[in-house]
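Okay, structure first, notes after.
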Amino acid sequence: MPTERYNHRDVEPRWQRFWSENRCFESREDESRPKYYVLEMFPYPSGRIHMGHVRNYTMGDVIARFRRACGYNVLHPMGWDAFGMPAENAAIERGVHPKGWTYDNIATMRGQLQSMGLALDWSREIATCDPSYYRHEQQMFLDFMAAGLVERKVSTVNWDPVDQTVLANEQVIDGRGWRSGAPVEKRDLAQWFLKITAYSEELLTALDRLERWPEKVRLMQRNWIGRSEGMRFSFALEDPSGHLLDERLTVYTTRHDTIFGASFCAISADHDLARRLEEGDAGLAAFRREVAALGTSEESIERAEKKGYLLGLYARHPFREGVKLPVYAANFVLMGYGEGAIFGCPAHDQRDLEFARKYGLPVIPVVAPKGTDAAKFAISAEAFLEKENDQTVLINSDFLNGFGVPEAKVEIARRMEKMGIGERKVNFRLRDWGVSRQRYWGCPIPVVHCASCGILPVPKEDLPVVLPDDVTFDRPGNPLDHHPSWKHVNCPNCNKPARRETDTFDTFIDSSWYYARFCSPKAAEPVDPAAARYWMPVDQYIGGVEHAILHLLYSRFFARAMKKTGYLDMEEPFGSLFTQGMVVHETFRMTSGEWVFPADAVAKDGDWVHAKTGETLIVGGIEKMSKSKRNVIDPEAIIERYGADTARWFMLSDTPPERDIEWTEAGVEGAWRFTQRLWRLVADAAEMASPGNRVATAADNIKLRRVVHRALQAVTGDLSSLRFNRSIARIYEVANSLGSALQETNASPSLKAAIREAAETLVLMFAPMMPHLAEECWKVLGYDHAVVQTPWPKPDPELIAEDEVTVAVQVNGKRRDEVKVPKGLDRSELEAIVVNLDTVRRALDGRPVKKVIVVPDRIANIVG
RNA sequence: GCGGGCGUGGCGGAACGGUAGACGCAACGGACUUAAAAUCCGUUGGGAGAAAUCCCGUGGGGGUUCGAGUCCCUCCGCCCGCACCA
């Protein structure tokens, strides 16, 4: 039959219109049905969608459509994480206004997402830069403040002395500002903090209950929170002449058992003591400037070569009379952790060891494997790090000699507490969340600074504090600060002239509660309690692993803060989390080093050449798609050429969703051919087996029916657990079997019935992945109603059941044969069969059978 | 530097601790065609053998187990995060 070629350009927009006009995906609360909330991390409106979006939103869409078909009341919303630096950069670089730029981008990207045929409830769309969204953020912030969850404290930022601007960590490149190239300095600013540390313990222990989160993400969060049990204690300090100072040096350690191995103390370059000593010490001032140039990122600080500066102070060892430890300012001690000061024990810490070697400090081992001769145990290049199960013992440690590490810790703690110089302390690595940003394109922080009344919240009736539109980017710094009038307000208390806060919120705040807002996006309050009670938590959250820590931890905290202030009735916003992999692509560059778009690279005689210049190209690595390396493929071009269904199919095929997927031309071509093949198969099946055919059970169709029902069973399970690539493999199998059945020129009525069933089931199975094609096929199969109005089919248990199984036969763990036996055959009968097989006897080569291990219906292993 | 992950044919990958390589791509052979494209059928981890069959194989090395791609240790390579990118 001459089937017309499937034309996605006609079909896809038509069905998109149908879904939209019939409001197929708009959802509302319905207590009579189970709810299912699918959410993908919302996009930043950067301009155009990229392949990462296509992958992320396709996965969410498949889940949404599948769950819908299974009878769930599905919520699947979309919005925009619309505040952020790129809008300001566009303003500075291209003279466009951040607001116009952002909303233009949203319009473009909304259209692009719609062309993907996503089953989204667009009536719930939100943009975080809209006052109707951020006003609630301001209100909640004020409530958090009243609830004691907000704090104002001084913290350090990267300062560009030329541009007179605060720099983000990514704007610091090799210690210099990205625009000015000037060495970065540090500045202390009073900033707002959300007290996430009030929930350290809770955020940690609650991880155990997030059973449907990837273990790796929970582990990363555990490590990030970093609970440790240690001691805070202080050393007496003396000056070079040996005079005792009034001041003591407080340190934090988890290895107080190694106190006898201490050979120095180190404080952070930002430590209060270092700041005070700087005045009379030019060398220290220079050292502090050098450390400041590293910026504030922990990565750059820890990567830097370990260096210290002798402060000329000495710490008296608490247990070794007359022993003095030199005190350094060191570039690797972080002010934000513990006390910003440590004692160094080089024998048992690699970093301390490197430091000690560099400055010629003693290395005294104090922990050694049991039975080691203390006199001979020495440390060379590697510190001795005790591991969980090691049998170790304290040495060179006076009264601790012979103690195990845990016992030594107890003893030191006991003694120090008795001496009054320290106490046991649980410490967390987690720091409070600094939310102040010295930028324009963010949510204004709703407070007023008054010279006489201090810092006051903006009265709730004055919310929202709206960002002014009339700002300029012609000079560096925060435009809100330069604005002629915006910041000048009267004090809400005394009514005298006062100043608005010109800092805006970290954009992580915007994304820390949007999931809740989607439940009732137009509510007058941040969240409508009834709607949130019905929809929350998110049943399936999907996004990149790059958000494994910050965004997810902040959201978990925010939910708790919202609970405390009465906005939400739950702690954990995301019941199940899935982290998808990136989209990667081959890179091409010219001999000049310039990157080349894949679209401009053409294969020629086994080489790659530039489509326009003909120059031979260098093929680089397969890397994450990025604008800078130009290895990007524009989704819009792909959808235009192949259709959304093909793009979606490719994103789901082959590669498991959690792994990185490589975009290849051959892969898309393959996906495109398969859409055409499905179209032909269904058209042929529709012609051969009319809607009147009924399913029969005769033997000549049982094979096809089994394939169909077993695949349906497998696909149902695989889609429930997000194993899209596996479900697609099963769909290929059904397509292959259906294709073979269609070869039959003289089909019996019962075969026709089976073909009909196969075709219909096939369409319903691929519908979540290729929704437009499925609708069109469904029409060809003779249905008036749409696939989106059709329930998910159910496999027939009789057709799934196996009556015969193939059991592998091993001899000493090596496969030697296989036997077909009835399913459920008991051990002894199977054993009797296998030991007498020729292949088994040959492999045994005369040895007696020692034992037989039988796993029923799977394997028999003869040990001989 | 610290924390986390990944590594299986030419390629993407499949495999409750139980027959490694399902399914797809590519390649090769064939059918159809004047021809090509498309489509359809077949072959395809490596090695030995006429065949039956045997040996080797899941990044390298070691271990646990009747049995390891899967669990443990270690090394190598790649990727992600590191608190002001989103």
Side-chain angles (χ1 to χ4, degrees), chain A residues 5 41 43-44 46 81 83-86 157-158 166-172 191 214-217 219-224 226 295-306 332 336 350-351 354 429-439 506-508 511 544-551 553-554 579 581-582 584 621-624 653-656 658-662 664 666-667 669-671 673-674 676-677 680 723 725-726 728-733 736 739 743 806-818 839 842 850-853 855 858-864:
Chain A
R5 232 168 135 83
M41 290 178 184
Y44 178 77
S46 55
D81 188 13
F83 274 137
M85 285 205 311
V157 294
N158 299 312
V166 174
L167 297 174
N169 283 334
E170 73 158 6
Q171 296 174 322
V172 178
Q191 311 212 57
E215 187 51 43
K216 63 173 175 183
V217 174
L219 231 195
M220 282 191 259
Q221 293 213 350
R222 258 180 222 120
N223 291 335
W224 185 262
T296 57
S297 93
E298 194 168 311
E299 184 189 359
S300 60
I301 292 165
E302 296 225 332
R303 269 177 186 277
E305 190 197 346
K306 312 291 171 271
F332 62 89
Q350 195 59 35
R351 219 167 37 176
E354 282 162 31
R429 207 185 75 99
L430 183 66
R431 308 199 294 257
D432 277 330
W433 176 12
V435 295
S436 298
R437 297 292 180 272
Q438 296 69 43
R439 306 188 197 292
D506 176 9
T507 58
F508 269 125
S511 55
V545 243
E546 64 272 21
H547 294 294
I549 297 173
L550 293 180
H551 162 61
L553 196 58
Y554 290 150
T579 55
M582 299 180 304
V584 297
I622 296 164
E623 297 185 55
K624 177 180 180 171
S653 312
D654 297 347
T655 305
E658 69 278 8
R659 230 183 269 186
D660 290 351
I661 189 170
E662 189 193 347
T664 61
E669 292 279 351
R673 277 198 302 273
F674 189 63
Q676 298 291 338
R677 177 152 170 249
R680 281 192 310 273
R723 287 176 290 197
N725 57 319
R726 293 211 319 187
I728 281 182
R730 302 314 293 260
I731 287 170
Y732 272 111
E733 285 173 358
N736 290 341
Q743 303 284 305
T806 306
V807 173
V809 183
Q810 298 183 334
V811 176
N812 293 330
K814 271 199 165 138
R815 195 192 74 93
R816 293 297 170 180
D817 207 343
E818 58 184 37
T839 42
R842 211 179 322 137
K850 282 192 204 140
K851 84 176 157 174
V852 182
I853 290 142
V855 181
R858 294 205 71 102
I859 202 163
N861 186 14
I862 296 121
V863 185

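Per chain, numbering begins at 1; letters A, B, ... match sequence-line order. As a basis for the values below, the full set of heavy atoms in this structure was taken, side chains included, without hydrogen atoms, waters or symmetry mates.
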> Under 3.5 Å, is there a donor-acceptor pair between the side chain of A:Asn861 and the main chain of A:Gly813?
Replying inline: yes
> For A:Phe674, which contact category applies under a 4.0 Å heavy-atom criterion: base, sugar-phosphate, or nothing?
Replying inline: nothing
> Could you give the distance from OG1 (A:Thr579) to NZ (A:Lys216), rounded to the nearest 0.5 Å?
Replying inline: 3.5 Å
>> side-chain contact (heavy atoms from CB on, under 4.5 Å) for A:Arg677 and A:Asn736? Distances and angles first, verdict last.
In response: CA-CA 10 Å; A:Arg677 177 152 170 249; A:Asn736 290 341; 2.8 Å; yes
> With nearest nucleotides of RNA chain B determined for A:Lys814 and A:Glu658 from heavy-atom distances, which residue corresponds to the more 5′ nucleotide?
Replying inline: A:Glu658
> What is the nucleic acid contact for A:His551, judged by heavy atoms within less than 4.0 Å: base, sugar-phosphate only, or nothing?
Replying inline: nothing
> How far does the C1' atom of B:rC25 sit from the matching atom of B:rG18, given to the nearest Å?
Replying inline: 30 Å
> For the side chain of A:Arg680, counting heavy atoms from C-beta on, which of B:rU39, B:rC80, B:rC84 is nearest?
Replying inline: B:rU39
> Considering only the C1' atoms, how many Å lie between B:rG60 and B:rC66, rounded to the nearest integer?
Replying inline: 27 Å
>> Can you build the contact string for nucleotides 17-26 of chain B? Use B for base contact, S for sugar-phosphate-only contact, and - for no protein heavy atom under 4.0 Å.
In response: -BB--BSSSS
>> Checking the side chain of A:Glu302 only, and the main-chain atoms of A:Phe332 only, is there a donor and an acceptor separated by less than 3.5 Å?
In response: no
> Heavy atoms under 4.0 Å, any strand shown: does A:Ser653 hit a base, just sugar-phosphate, or nothing?
Replying inline: nothing
>> Looking only at the side chain of A:Arg439 (C-beta and beyond, no hydrogens), which of the listed nucleotides B:rC85, B:rC84, B:rC80 gets closest?
In response: B:rC84
> Nearest nucleotide by nearest heavy atom, which residue falls closer to the 5' end of RNA chain B, A:Trp224 or A:Asn812?
Replying inline: A:Asn812
>> As an exercise, state the distance from NZ of A:Lys306 to CD1 of A:Ile301, rounded to the nearest 0.5 Å.
In response: 11.0 Å
> A:Arg303 side chain: which of B:rG12, B:rG1, B:rG4 is closest?
Replying inline: B:rG1
> Any stems for RNA chain B, made of 3 or more Watson-Crick or G-U pairs in a row, each with both distances under 3.5 Å?
Replying inline: B:1-7 with B:76-82, B:10-12 with B:23-25, B:27-31 with B:39-43, B:45-48 with B:53-56, B:59-63 with B:71-75
> For A:Thr507, which contact category applies under a 4.0 Å heavy-atom criterion: base, sugar-phosphate, or nothing?
Replying inline: sugar-phosphate
>> Just to be sure I understand the rule, does A:Pro656 reach a base, reach only the sugar-phosphate, or reach nothing, if contact means heavy atoms closer than 4.0 Å?
In response: sugar-phosphate
> Using the purine O4'-C1'-N9-C4 or pyrimidine O4'-C1'-N1-C2 torsion, is B:rG21 syn (within 90° of 0) or anti?
Replying inline: anti
> Any Lys/Arg nitrogen of A:Lys624 or A:Glu546 sitting under 4.0 Å from an Asp/Glu carboxylate oxygen of the other?
Replying inline: no
> Atom CD1 of A:Ile622 and atom P of B:rG12: how far apart are they, to the nearest Å?
Replying inline: 8 Å
> How many Å lie between CD on A:Gln676 and P on B:rA38, as a whole number?
Replying inline: 12 Å
> What nucleotide among B:rC55, B:rA86, B:rC84 has an atom nearest to a side-chain atom of A:Arg816?
Replying inline: B:rC55
>> Please report the distance separating the P of B:rG17 from the corresponding atom of B:rG61, rounded so that it comes out in whole Å.
In response: 24 Å
> Between B:rA20 and B:rG57, how far is it from one P atom to the other, in whole Å?
Replying inline: 13 Å
>> Under the criterion side-chain contact (heavy atoms from CB on, under 4.5 Å), I'd like the reasoning laid out for A:Val863 against A:Lys851: C-alpha separation, chi angles, the key distance, then a yes or no.
In response: CA-CA 5 Å; A:Val863 185; A:Lys851 84 176 157 174; 4.2 Å; yes
Name every donor-acceptor pair, under 3.5 Å, that has one atom in a side chain of residues 430-439 of chain A and the other anywhere in the protein, sequence neighbours excluded.
unit_1   : atom_1 : unit_2   : atom_2 : d
A:Asp432 : OD1    : A:Ile196 : N      : 3.2
A:Asp432 : OD1    : A:Thr197 : N      : 3.0
A:Asp432 : OD1    : A:Thr197 : OG1    : 2.7
A:Asp432 : OD2    : A:Lys153 : NZ     : 3.0
A:Asp432 : OD2    : A:Thr197 : OG1    : 3.4
A:Trp433 : NE1    : A:Asp506 : OD2    : 2.9
A:Ser436 : OG     : A:Trp192 : N      : 2.7
A:Arg437 : NH1    : A:Gly434 : O      : 3.3
A:Arg437 : NH2    : A:Asp506 : OD2    : 3.2
A:Gln438 : NE2    : A:Gln191 : OE1    : 3.2
A:Gln438 : NE2    : A:Asp503 : OD2    : 3.2

> At under 4.0 Å between heavy atoms, what does A:Leu553 touch on the DNA or RNA strands: base, sugar-phosphate, or nothing?
Replying inline: nothing
> Hey, does A:Gln191 reach any base, or is it just sugar-phosphate, or nothing, if we go heavy atoms under 4.0 Å?
Replying inline: base
>> Suppose you measure atom C1' in B:rA31 against the same atom in B:rA37; what distance do you get, rounded to whole Å?
In response: 16 Å
> Would A:Thr839 and A:Asp817 count as having a side-chain donor-acceptor pair, cut-off 3.5 Å?
Replying inline: yes
>> Using whole Å, what does the distance between atom P of nucleotide B:rG3 and atom CZ of A:Arg222 come to?
In response: 16 Å
> Are OP1 or OP2 of B:rC2 and a side-chain N or O of A:Asn223 less than 4.0 angstrom apart?
Replying inline: no
>> Could you tell me how far B:rC16 sits from B:rG9 if I compare only their C1' atoms? Round to whole Å.
In response: 25 Å
>> Using a heavy-atom cut-off of 4.0 Å across all strands, would you classify A:Val217 as base, sugar-phosphate, or nothing?
In response: nothing
> What is the distance, rounded to the nearest whole Å, between atom CD of A:Glu623 and atom P of B:rC6?
Replying inline: 21 Å
>> What is the separation between atom CD on A:Glu662 and atom P on B:rC79, rounded to the nearest whole Å?
In response: 14 Å
> Which part of the nucleic acid does A:Gln438 contact within heavy-atom distance under 4.0 Å: base, sugar-phosphate only, or nothing?
Replying inline: base
>> I want to verify a distance call: between B:rA14, B:rA86, B:rU39, whose nearest atom is closest to the A:Arg659 side chain?
In response: B:rA14
> Taking CZ from A:Arg842 and P from B:rC54, how many angstroms apart are they, rounded to a whole number?
Replying inline: 6 Å
> Going from CD1 on A:Ile661 to CZ on A:Arg659, what distance comes out if it is rounded to the nearest 0.5 angstrom?
Replying inline: 11.5 Å
> Mind checking the C1' distance from B:rG69 to B:rG7? Whole angstroms is fine.
Replying inline: 11 Å
>> Distance check needed: B:rC79 P versus A:Glu299 CD, whole Å only.
In response: 14 Å
>> Rounded to whole Å, how long is the line connecting atom CD of A:Glu546 with atom P of B:rC79?
In response: 15 Å
> Expressed as a whole number of Å, how far does the P atom of B:rA38 sit from that of B:rA27?
Replying inline: 10 Å
>> Measuring from atom CD1 of A:Ile728 to atom CZ of A:Phe674, what distance do you get when rounded to the nearest 0.5 angstrom?
In response: 8.5 Å
> A:Ile862 and A:Val852: side-chain contact (heavy atoms from CB on, under 4.5 Å), yes or no, with the steps?
Replying inline: CA-CA 4 Å; A:Ile862 296 121; A:Val852 182; 4.2 Å; yes
